[in-house]
S.K.: 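Pasting in a structure now, in structure tokens, and then I'll have a few things to ask.
Quick note on labels: first sequence line is chain A, next is B, and so on, each numbered from 1.
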2 protein chains.
Amino acid sequence: MNLNNPSFTIFYSIEEAIKAYRKLSLRKIETVIPDITVDQALVLQLINEEKLTQTEIADLIFKDYASMSRIIALMIKKDFLLKETDKNDGRVSILKITKKGESALKQLVPIINQNRKTALEGLTSEELENLKKMLNKITQNSKK
Amino acid sequence: MNLNNPSFTIFYSIEEAIKAYRKLSLRKIETVIPDITVDQALVLQLINEEKLTQTEIADLIFKDYASMSRIIALMIKKDFLLKETDKNDGRVSILKITKKGESALKQLVPIINQNRKTALEGLTSEELENLKKMLNKITQNSKK
DNA sequence: TATCTTTGTTTGATATATCAAGTACTATGA
DNA sequence: TCATAGTACTTGATATATCAAACAAAGATA
């Protein structure tokens, strides 16, 4: 039977966990910046930490390039980002954080860190290492 | 720093694993039934195993009721399901699997089981128990 | 019975996921 | 230098995620 099948429940525990965490993140984030999504907040943080192209960001956080293109477009529309064309390579976009983006970021960073802490409360670093190892095994198995 | 932060990597290992698994599932499923999605295949399987309302299915697999409504509508459009109104409660829909749905199901069940086996290869049942426990902890932490 | 609340489902709006196709620019080899 | 291939990104189409609002039927209550 399906519903009590351990293989079934693993994947739905994964889905459940990630959905619960995303919901927590959204709730906390919208208390400080109402018009930003969880993904957009993360992208903002990544661009702030390193100069990255859209493609590089997409690869980092496992997003499709098409999705990344639309996420960036919305962030520009909402005035969190600016886009310029790279002078050395006309295909590449340089992403810059606006004033509004910077101010949002200042408020977001502590919230994001707190969310992770909240979600991982009670898990030791060995447990987390283990969790990551098992998840990576599932990823590798799935890529064959 | 963010990218090497263990808290960061945990959540992205989770996303990576679930995305890799979904991609594997889709690839295998589309070899037998090209016009069905991973979610739709799962819904078909659940309806086959138990008589469930849309709301119950949604709760089981952590879907929003709105999403479930649309998934069901598409499955009806593609002739995998039929919907009738419950005679005892005019709000409730009774979902029935069509001939096409039944025939699809026969081909899908072994594929779905094989996908899970593939993805979990090399993980012992103790490890899986542990994995589930940690994921459930993250879920509970996130729900506060 | 008339009103109010709850329940099961749907619809609209916006964001993201995925595939396929398209655009623009760059690099490479004949 | 010209044709071809590759790279970075965009766009269209369809599916799903999420919130808010709507709707119809059922149940509860005055």
S.K.: Looking at D/dT10, I'd like to know if its phosphate oxygens (OP1 or OP2) sit under 4.0 Å from a side-chain N or O belonging to A/Lys83.
M.R.: yes
S.K.: So does A/Lys63 get a side-chain nitrogen or oxygen closer than 4.0 Å to the phosphate oxygens (OP1/OP2) of C/dT16?
M.R.: no
S.K.: Whole Å only: how far is the CD1 atom of A/Ile18 from the P atom of D/dT18?
M.R.: 11 Å
S.K.: Taking only Lys NZ, Arg NE, NH1 and NH2, and the carboxylate oxygens of Asp or Glu, determine whether B/Glu15 and A/Lys63 approach each other closer than 4.0 Å.
M.R.: no
S.K.: Could you state the CE-P distance from A/Met68 to D/dC9, rounded to the nearest angstrom?
M.R.: 11 Å
S.K.: Roughly how far, to the nearest 0.5 Å, is the OG atom of B/Ser13 from the NZ atom of A/Lys132?
M.R.: 6.0 Å
S.K.: Return the value, rounded to whole Å, for the distance between atom CG of A/Asp64 and atom P of D/dA8.
M.R.: 15 Å
S.K.: OP1 or OP2 of C/dT9 sitting under 4.0 Å from any side-chain N/O of B/Thr55?
M.R.: yes
S.K.: So, does B/Asn141 use its side chain to make a donor-acceptor pair with the main chain of A/Glu121 at under 3.5 Å?
M.R.: yes
S.K.: For A/Glu56 and A/Leu26, take the nucleotide of DNA chain D holding the closest heavy atom to each; which residue's nucleotide lies nearer the 5' end?
M.R.: A/Glu56
S.K.: Compare the minimum distances between each of C/dT16, D/dT16, C/dT10 and the side chain of B/Leu74, then state the nucleotide with the smallest one.
M.R.: D/dT16
S.K.: Over how many whole Å does the gap from A/Phe62 atom CZ to C/dA17 atom P extend?
M.R.: 13 Å
S.K.: Let me know the distance between CD1 of B/Ile72 and P of C/dT11, rounded to the nearest Å.
M.R.: 13 Å
S.K.: Using a cut-off of 4.0 Å on non-hydrogen atoms, how would the nucleic acid contact of B/Asp89 be classed: base, sugar-phosphate, or nothing?
M.R.: sugar-phosphate
S.K.: Would you mind telling me which of D/dC9, C/dT9, D/dT18 lies closest to the side-chain atoms of B/Gln54?
M.R.: C/dT9
S.K.: When the distance from CG of B/Asp35 to C1' of D/dA15 is rounded to whole Å, what number comes out?
M.R.: 13 Å
S.K.: Is there a donor and acceptor pair, one atom on the side chain of B/Arg91 and one on the base of C/dT9, closer than 3.5 Å?
M.R.: no
S.K.: Is it true that A/Gln114 and A/Thr118 share a donor-acceptor pair across their side chains at a distance under 3.5 Å?
M.R.: yes
S.K.: Whole-Å distance between C/dA21 P and A/Tyr65 OH?
M.R.: 19 Å
S.K.: Using a 6.0 Å cut-off, check whether atom NZ of B/Lys19 has over 12 heavy atoms from anything other than its own residue.
M.R.: yes
S.K.: Where the side chain of A/Ile71 is concerned, which of C/dT16, C/dT18, D/dT10 is the nearest nucleotide?
M.R.: C/dT16
S.K.: Measuring to OP1 and OP2 of D/dT16, would you say a side-chain N or O of B/Ser67 lies under 4.0 angstrom away?
M.R.: no
S.K.: Give a yes or no answer on whether the side chain of A/Thr139 reaches the backbone of B/Ala20 with a donor-acceptor pair at less than 3.5 Å.
M.R.: no
S.K.: Counting distance alone, no hydrogens or angles: does the base of C/dT18 have a donor or acceptor under 3.5 Å from a partner atom on the side chain of A/Arg70?
M.R.: yes
S.K.: Which part of the nucleic acid, if any, lies within contact of A/Lys77, taking any heavy atom under 4.0 Å across all strands shown: a base, the sugar-phosphate backbone alone, or nothing?
M.R.: nothing
S.K.: Would you kindly give the NZ-to-C1' distance between B/Lys87 and D/dA24, to the nearest whole Å?
M.R.: 19 Å
S.K.: Of A/Val38 and B/Lys23, whose nearest nucleotide on DNA chain C comes first from the 5' end?
M.R.: A/Val38
S.K.: Go through C/dT10, C/dT9, D/dA15 for me and flag the one nearest to the B/Gln40 side chain.
M.R.: D/dA15
